[in-house]
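No hydrogens, no waters, no symmetry mates; every other heavy atom, side chains included, goes into these values. Order of appearance sets the numbers: ligands from 1, and atoms from 1 within every ligand.
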Amino acid sequence: MSKFLASQWQVLTPYTPGEQPQDRAYIKLNTNEAPFAPAPEVIAAVSSSVMENLCLYPDPECGMLRDALASQHGLARGNVFVANGSDDILNFLFKAYAANGGKAYFPDVTYGFYKVFAALHGADWQEVPVRDNFTIDWRDYFGKDGLIVLANPNAPTGAYLAQSDIKRIVGGHPGSIVVVDEAYIDFGGASCVPLVRRYDNLVVVQTFSKSRAMAGARLGVAFAQEALIRDLELFKYVTNPYAINLMTMKAGLAAISAAPYYAAQCRAIARTREETAAQLTDKGFQVLPSMANFLFLSHPAVSGKDLYLKLKAQGILVRHFDAPRTRNHIRVTIGTDKQMAAFIEAAAAIAGGDDV
Ligand SMILES: *Cc1c(COP(=O)(O)O)cnc(C)c1O
């Protein structure tokens, strides 16, 4: 940091993204990316004809993309906000509803970026402990008025909160904004998007990064009633009106029309997830039930850190979160069947005490 940086920023702790190593080829199971390619239509959409238009600014309204997303859910354009990744949306949400001492609540074990945004905007935030089995109890949010942010399914645990419980939280806090971050909803859960019609304090956030195999394109979506979408639009138009680039817009549109392709891929991932969990359990691992495209697991004979390091030495990259409640565990993205077989074999050998 330079001596010129304002003192209020010198205390910020940045989010630590998962490793994206460029040095060697890994079996990469650390950042929940899809192991499959985008749909053929998506690849075709980002073609030379699009490139010729790169000399022009993209549509700042993102009209076609928002219309396509809206019609998928029987909503209107005014219920949809798109941004350069859902992280951008989460940033705006903390800025809009918790800045400068506003209250914010999220689980103690969840997506690490919530804390970073809360600190960036000077929120008065509180982590709400998840249960010992890492599930969320809606009662723990009762009476907590402020911005409530829940990832569902949660990360890095995969724990899923039933829609009836989410309704209790949203309905029980009519004066608070409740954000449901559905980055992993396509791998098994029921989306809360239809609920935005009924609740004026609900924002549902989704991303094309995981289930639509477009992490590199950066496209996030928020669904909410029009007044809330206008709040988000405000921040877009005071920072970067062209946040969605032309290629991402075209790719996103094509991905929406390829819904059956992605649904089939997500079903396959869910199948591989359940098979992997069963095999790991057989080998003595403790595996949390997951509705996402990853598993959160531990083994009594090896620490999470050792498991992570020894797997990495063998060219298999997983994620380890070195915090008190999570350091015994690793988070493993569901890859192809072949990648998972390699992972299971290596992890079992490490836990079994094989010297590697
Ligand atoms: C991956 C992830 C995001 C970020 O998604 P982008 O759209 O790639 O910015 C947001 N929330 C959760 C819970 C995630 O796991």
Hey, can you pull the donor-acceptor pairs under 3.5 Å for the side chains in residues 280-287, sequence neighbours left out?
from	atom 1	to	atom 2	distance (Å)
T281	OG1	A277	O	2.7

- Message: Test ring pair (Phe, Tyr, Trp, His ring centres under 6.0 Å) on F296 and F134; report intermediate values, then the result.
- Response: CA-CA 10 Å; F296 197 54; F134 293 100; 5.6 Å; yes
Got the closest protein heavy atom to [atom], with its distance?
| atom | answer |
| --- | --- |
| atom 12 (C) of ligand 1 | D181 OD2, 3.4 Å |
| atom 14 (C) of ligand 1 | K210 NZ, 3.1 Å |
| atom 9 (O) of ligand 1 | R218 NH2, 2.8 Å |
| atom 8 (O) of ligand 1 | S209 OG, 2.6 Å |
| atom 5 (O) of ligand 1 | S86 OG, 3.0 Å |
| atom 15 (O) of ligand 1 | Y184 OH, 2.5 Å |

- Query: Yes or no on side-chain contact (heavy atoms from CB on, under 4.5 Å) for D337 and M340, after CA distance, side-chain angles and deciding distance?
  - Reply: CA-CA 5 Å; D337 288 339; M340 297 328 284; 5.6 Å; no
- Task: Ignoring angles and geometry beyond distance, decide whether Y111 reaches within less than 3.5 Å of ligand 1 through its nitrogen or oxygen atoms.
- Result: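 Checking ligand 1 against Y111, no N or O pair falls under 3.5 Å apart.
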Give the atoms of ligand 1, by number and element, whose distance to some non-hydrogen atom of [X] is under 4.0 Å.
| X | value |
| --- | --- |
| T207 | 5 (O), 6 (P), 7 (O), 8 (O) |
| D87 | 3 (C), 4 (C), 9 (O), 10 (C) |
| G85 | 7 (O), 9 (O) |

- Would R212 count as a cation-pi partner of F208, with NZ or CZ less than 6.0 Å from the six-membered ring centre and within 45° of the ring normal?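 Because its charged atom sits under 6.0 Å from the ring centre and within 45° of the axis, R212 does stack over F208.
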- Message: Could you check whether any side-chain heavy atom of F94 comes within less than 4.5 Å of a side-chain heavy atom of L120, counting everything from C-beta outward?
- Response: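 Not in contact.
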- Ring centroid separation F106 to Y111 under 6.0 Å: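 So the answer is no for these two rings.
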- Message: Here's a test for you: under side chain to side chain contact (heavy atoms under 4.5 Å, CB included), which of L246, N240, N245 qualifies with Y242?
- Response: N240
